[in-house]
Structures are given as C-alpha cells and as structure tokens.
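Counting begins at 1 with the first residue of the sequence. For clarity, every value in this text was computed on a predicted model and none was experimentally measured.
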Amino acid sequence: MSSHVPNEARVIPLRPPAARPGVRPTASPAPPDPSDPSAPAVREPLWRDLVGDVLRRERLAQERTLKEVAEQARISMPYLSEVERGRKEASSEVLAAAAHALGLGLGDLLSRAQGELLRITARHTGGRHRGTTGSRYDGLCLAA
C-alpha cells in the first residue's frame with residue numbers, strides 16, 4: 001500500500017507584502033533609534049555587495065561597458081555582471097583582474113569598499129563603530 005502525499009509546495013514570497021502588486025502597503029515602522037540599546041541591530045551590508053558597487057561605480061565613471069572591462073580582465077561578461085550586482089563571491093584573482101582592468105590595484109578596490117562600509121555603518125550607528133574602544137583604526141584587515 002502506498003500513501004498519497006499531495007503535490008503541494010510551500011510558497012515563500014520574494015518580496016514583502018507591501019512590494020507585491022495588488023497588495024496595499026501598510027504604514028512602515030519608524031527606523032530604529034541607534035541610541036536605544038534594545039533596538040535591533042541593523043544588518044551590515046555584505047562584502048560582495050560593497051565590492052560590486054565599487055566596481056560598477058568605477059566602470060560607469062570611466063564610461064566603459066561591461067563587455068570592455070570583462071574582455072580586458074579576461075573574465076566572462078555574465079560573471080562580471082554577477083560580481084557587480086553582488087550575486088557572486090569572487091575570488092581575489094577575479095577581483096584583482098577586474099580592478100586592474102579599471103586601472104585600480106586590488107588594495108584600491110578593497111580600500112574603497114572599506115570606506116563604503118564605514119560610511120554605511122556610521123550612518124546607522126550615529127557615527128559610533130561597534131567594537132571600538134577609544135582609538136580609531138583606518139586600516140584594512142581581512143582574515144581568511
């Protein structure tokens with residue numbers, strides 16, 4: 001004997017209800033107060049999003065096409081597009097090749113991404129950096 005299991009899939013919406021067509025948006029809650037210790041922590045951006053933003057901004061500032069940069073970096077155009085959109089976690093070799101194709105060093109790329117991270121997190125924490133004591137370190141530290 002076999003038991004019949006219904007062929008049903010659980011549907012998980014990709015957009016919040018307010019962003020879906022045909023659904024009326026509700027009033028959005030006020031942004032969390034950074035000085036309130038009970039406020040939920042703001043999600044920090046992913047490193048791949050920051051690096052991708054820097055690559056895309058630099059490419060557009062140079063008025064270059066995705067195809068031009070991808071060819072010069074010797075990586076595929078679809079892959080570079082995915083990296084720019086933060087969809088792929090690129091290796092250091094790919095990031096270095098893309099940076100060099102844009103006339104940047106890998107350190108320049110990572111430094112700009114770090115600057116973006118500091119700017120974004122400072123906006124959400126009222127200028128305070130989590131985990132800092134009194135001294136401020138502006139260096140870049142990556143750990144594997």
Side-chain angles (χ1 to χ4, degrees), residues 5-144:
V5 178
N7 189 9
E8 294 178 14
R10 198 171 109 207
V11 177
I12 302 171
L14 297 177
R15 289 185 239 156
R20 287 193 300 243
V23 177
R24 286 183 13 167
T26 58
S28 59
D33 180 10
S35 62
D36 181 8
S38 66
V42 175
R43 194 174 130 239
E44 291 181 328
L46 296 175
W47 186 248
R48 68 178 183 235
D49 291 327
L50 296 168
V51 170
D53 287 343
V54 170
L55 287 172
R56 175 167 281 174
R57 220 176 12 256
E58 184 62 31
R59 179 178 61 79
L60 293 174
Q62 294 180 17
E63 298 180 352
R64 295 178 65 192
T65 66
L66 199 57
K67 183 179 181 186
E68 291 170 343
V69 175
E71 285 176 354
Q72 188 172 352
R74 300 181 53 93
I75 56 181
S76 77
M77 190 173 67
Y79 189 75
L80 180 57
S81 174
E82 295 269 303
V83 169
E84 283 189 355
R85 291 182 289 140
R87 304 284 171 107
K88 295 291 182 188
E89 195 80 53
S91 68
S92 58
E93 290 88 358
V94 169
L95 294 178
H100 288 278
L102 292 166
L104 301 172
L106 182 58
D108 298 324
L109 173 65
L110 300 180
S111 178
R112 290 180 185 191
Q114 180 205 19
E116 281 296 301
L117 179 61
L118 290 174
R119 185 183 62 76
I120 290 168
T121 55
R123 181 177 1 139
H124 292 295
T125 61
R128 295 185 328 267
H129 296 282
R130 283 190 303 183
T132 57
T133 51
S135 65
R136 186 157 183 268
Y137 176 70
D138 284 331
L140 177 66
C141 179
L142 297 177

Under the salt bridge (Lys or Arg N to Asp or Glu O under 4.0 Å) definition, can you give me all pairs with a residue in residues 85-104, not counting sequence neighbours?
Arg48-Glu89, Glu82-Arg85

Using modelled atom types only, decide if a donor and an acceptor are shared between the side chain of Gln62 and the backbone of Leu102 within a distance under 3.5 Å.
yes

Please tabulate, one pair per line, all N/O donor-acceptor pairs under 3.5 Å involving side-chain atoms of residues 67-80, not counting sequence neighbours.
unit_1, atom_1, unit_2, atom_2, d
Glu68, OE1, Thr65, N, 3.0
Gln72, OE1, Arg64, NH2, 2.6
Ser76, OG, Tyr79, N, 3.1

Do Arg57 and Arg112 come within less than 4.5 Å of each other through their side chains, counting heavy atoms only?
no

Distance (rounded to the nearest 0.5 Å) between Asp53 CG and Leu117 CG
11.5 Å

Which residues share a side chain to side chain contact (heavy atoms under 4.5 Å, CB included) with Ala113, sequence neighbours left out
Trp47, Leu50, Val51, Val54

Nearest 0.5 Å, what's the CG-CG distance between Leu95 and Leu106?
6.5 Å

